[in-house]
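Not measured: the values here are computed from a predicted model. Numbers for residues simply follow the sequence, beginning at 1.
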Amino acid sequence: MDEKILVTRSSMPPYEEYIEAIKPLWDTHWITNMGMYHKQLEEQLKEYLDVSELSLMVNGHMALELAIQAFDFPEGAEVITTPFTFISTTHAIVRNRLKPVFCDIKISDGTIDESKIEALITEKTVAIIPVHVYGNVCNIEEIQKIADKYNLKVIYDAAHAFGVKYRGKGIGSYGDASIFSFHATKVFNTVEGGAVTFSDHAMYKKLYDLKNFGIRGEELVVDVGANAKMNEFCAIMGLCNLKHINETLQARKICYEYYLEQFQNIKGIELFHKNASATCNYAYFPIIIGDEFSLTRNQLYDYLKKNNINCRKYFYPITADAACFNNCYEKQKLDNARAIAGKVLVVPMYADLSLLDIKNICDIIKTAN
Ligand SMILES: *Cc1c(COP(=O)(O)O)cnc(C)c1O
């Protein structure tokens, strides 16, 4: 390919639309601290995501850190989670001084293996933090059953699941809380941004305190909060992008379906199973390089890179094996997660990727085989 293709490309509204939308900021000079666009975006996202409560955040990582902090778990308590995710999920647990206990994943869709959760529960367990990885929905019913039986909180990392509906309801309405990421590389972006969704109204105030230093009044600080407020430029980017979200998803759908068609004819390429009760947001296109393919995942990654196509090994290594943890989790049985992490490759996927580019990418993969 002549031009370098990256794994993703940020969706942006027409330039004039954004410029027009930010003009009022020069009248008010109110550019952050829960301004009117922050409020507007919270309202519109509640509606779009089909959730009853939502708190906007500066990014997805802080959304998760503060969602966890909001539950006031005792220091050193254990959280059962998946290692097959972006490092943010694990960091948010560790940075809250909690202990991640990794549970293996299912080969079929990459989500946490609910049948292995119960064996990991101890008297120190306080929560389960699963991830709807690539927008693949976890086994919500089974996870909730276990949580109810042992009185655990469930916080979903739904960073990949923007707009996904499960059994007719917004994905963010399940569990005690869910977090979303609006990073530039995600399906919907506010440049950087994120949100926590939940149903307990009292949590709104708690999260408001946590994202604004715990400040309630000029002379009153009620909590040891961070600074995780979304500013007005980002909120306006979100409002503009949300206007075009249906076009964005439709364009992604066309790419997604074309990939599906192409990969059907390539021996040795396997795909994750999709839950029939969930809608798809076409966020990523992960492929698994099976034994029948003539190259390994790493060889295919290099081969594509030489041909100007930058794929990503999402998610390799698994978070439990990150260098910062000094191999302290190496004995945990995570065979499926490590196996999939060694075989997965995410191919380019974004709204204005052309079908010709997809055809070329798939042809290069075919010639590699
Ligand atoms: C992107 C992402 C995050 C973090 O979101 P940011 O907005 O980049 O801070 C957390 N978890 C997962 C699974 C992600 O992909």
Side-chain angles (χ1 to χ4, degrees), residues 46 49-55 63-85 89-90 92-93 96-106 108-133 135-161 164-180 195-207 210 275-279 332-334 336-337:
K46 264 200 269 187
L49 293 174
D50 186 31
V51 293
S52 55
E53 300 283 341
L54 180 145
S55 179
L64 186 54
E65 254 194 57
L66 299 187
I68 296 170
Q69 194 186 346
F71 290 103
D72 277 322
F73 299 125
E75 187 170 336
E78 293 175 6
V79 174
I80 296 171
T81 188
T82 169
F84 188 66
T85 179
T89 317
T90 303
I93 296 168
N96 269 288
R97 296 174 179 261
L98 301 168
K99 186 178 166 218
V101 174
F102 293 105
C103 180
D104 207 359
I105 60 165
K106 291 171 290 186
S108 58
D109 65 1
T111 66
I112 195 165
D113 186 342
E114 64 281 356
S115 71
K116 292 179 180 156
I117 292 176
E118 215 164 337
L120 297 172
I121 295 175
T122 72
E123 67 282 357
K124 282 188 168 172
T125 309
V126 291
I128 307 171
I129 302 190
V131 179
H132 300 304
V133 66
N136 294 349
V137 174
C138 300
N139 189 331
I140 289 174
E141 287 84 4
E142 281 307 312
I143 291 169
Q144 196 57 52
K145 250 189 231 162
I146 298 166
D148 290 344
K149 183 169 164 192
Y150 294 93
N151 198 20
L152 308 175
K153 298 291 180 198
V154 182
I155 304 167
Y156 284 105
D157 182 336
H160 298 171
V164 169
K165 291 260 167 69
Y166 179 66
R167 296 195 191 279
K169 277 171 59 180
I171 193 71
S173 59
Y174 294 93
D176 295 282
S178 298
I179 72 95
F180 292 87
V196 187
T197 62
F198 45 95
S199 35
D200 175 11
H201 180 64
M203 203 170 160
Y204 187 83
K205 206 161 199 178
K206 179 75 184 173
L207 288 168
L210 290 180
N275 189 320
S277 304
T279 63
Q332 299 198 1
K333 259 191 78 62
L334 301 168
N336 288 350

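- Counting only heavy atoms from C-beta outward, the side chains of Asn136 and Asn275 never approach each other to under 4.5 Å.
- Taken from CG in Asp50 to OG1 in Thr197, the straight-line distance is 10.5 Å, to the nearest 0.5 Å.
- With Cys103 as reference, Ile117 is the one residue of Ile128, Thr82, Ile117 to meet the side chain to side chain contact (heavy atoms under 4.5 Å, CB included) rule.
- Under the 4.5 Å side-chain criterion, counting only non-hydrogen atoms from C-beta, Val133 is not in contact with Ile105.
- Screening Lys145, Glu118, Glu123 against Tyr150 for a side chain to side chain donor-acceptor pair (under 3.5 Å) leaves a single residue, Glu118.
- Taking each heavy atom of Tyr204 and Phe198 in turn, the nearest pair found is N-CE1, 3.5 Å.
- Of all the heavy atoms in Ala278 and Val164, the pair that sits closest is CB-CG1, 4.4 Å.
- The minimum heavy-atom distance between Ser52 and Ser199, with the atom names listed, is OG-CA, 3.6 Å.
- A distance-only check finds a donor-acceptor pair linking the side chain of Asp109 to the backbone of Thr111 [under 3.5 Å].
- For the pair Phe102/Thr81, a side-chain contact is recorded, criterion being any heavy-atom separation below 4.5 Å from C-beta on.
- Contact record, Ile129 with Ile68: CD1-CD1, 3.6 Å, taken as the closest heavy-atom pair.
- The closest side-chain heavy-atom distance from Pro83 to Thr90 is not below 4.5 Å.
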Working for side-chain contact (heavy atoms from CB on, under 4.5 Å), residues Val101 and Thr122: CA-CA 10 Å; Val101 174; Thr122 72; over 6 Å; no

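- Contact annotation: the side chain of Phe73 never approaches that of Ile93 to less than 4.5 Å [non-hydrogen atoms, C-beta and beyond].
- Atom CG of Asp104 and atom NZ of Lys333 lie 8.0 Å apart (nearest 0.5 Å).
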Trace of the side-chain contact (heavy atoms from CB on, under 4.5 Å) decision for Leu54 with Phe180: CA-CA 10 Å; Leu54 180 145; Phe180 292 87; 5.9 Å; no

Derivation of the side-chain contact (heavy atoms from CB on, under 4.5 Å) call for Asn336 and Lys116: CA-CA 12 Å; Asn336 288 350; Lys116 292 179 180 156; 4.0 Å; yes

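- Atom CD of Gln144 is separated from atom CG of Leu152 by 10.0 Å, given to the nearest 0.5 angstrom.
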Verdict with reasoning, Thr125 to Ile80, per side-chain contact (heavy atoms from CB on, under 4.5 Å): CA-CA 7 Å; Thr125 309; Ile80 296 171; 3.8 Å; yes

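- Judged by distance alone, with hydrogens and angles left aside, the side-chain atoms of Asp176 form no donor-acceptor pair with the main-chain N or O of Lys153 at under 3.5 Å.
- His132 has its side chain within reach of Ile140: a pair of non-hydrogen atoms, C-beta onward, lies under 4.5 Å apart.
- Note: Tyr174 and Tyr166 meet the aromatic proximity criterion, with ring centroids under 6.0 Å apart.
- In this structure, Phe71 and Ile155 have side chains that are in contact, with non-hydrogen atoms separated by less than 4.5 Å.
- Of the possible donor and acceptor atoms, none in the side chain of Ser55 sits under 3.5 Å from a partner among the backbone N and O of Val196.
- Residues Ile112 and Ile143 meet the side-chain proximity criterion, which asks for heavy atoms closer than 4.5 Å.
- Taking CD1 from Ile179 and CD from Glu65, the interatomic distance works out to 11.0 Å, rounded to the nearest 0.5 Å.
- Salt-bridge formation is not detected for the pair Asp200/Lys206: no Lys NZ or Arg NE/NH1/NH2 atom is positioned less than 4.0 Å from an Asp or Glu carboxylate oxygen.
- The shortest non-hydrogen separation linking Cys138 to Pro130 is SG-CB, 3.8 Å.
- The minimum heavy-atom distance between Met203 and Ala177, with the atom names listed, is CE-CB, 4.0 Å.
- In Asp148, the CG atom is crowded: over 12 heavy atoms of neighbouring residues, nucleotides or ligands sit closer than 6.0 Å.
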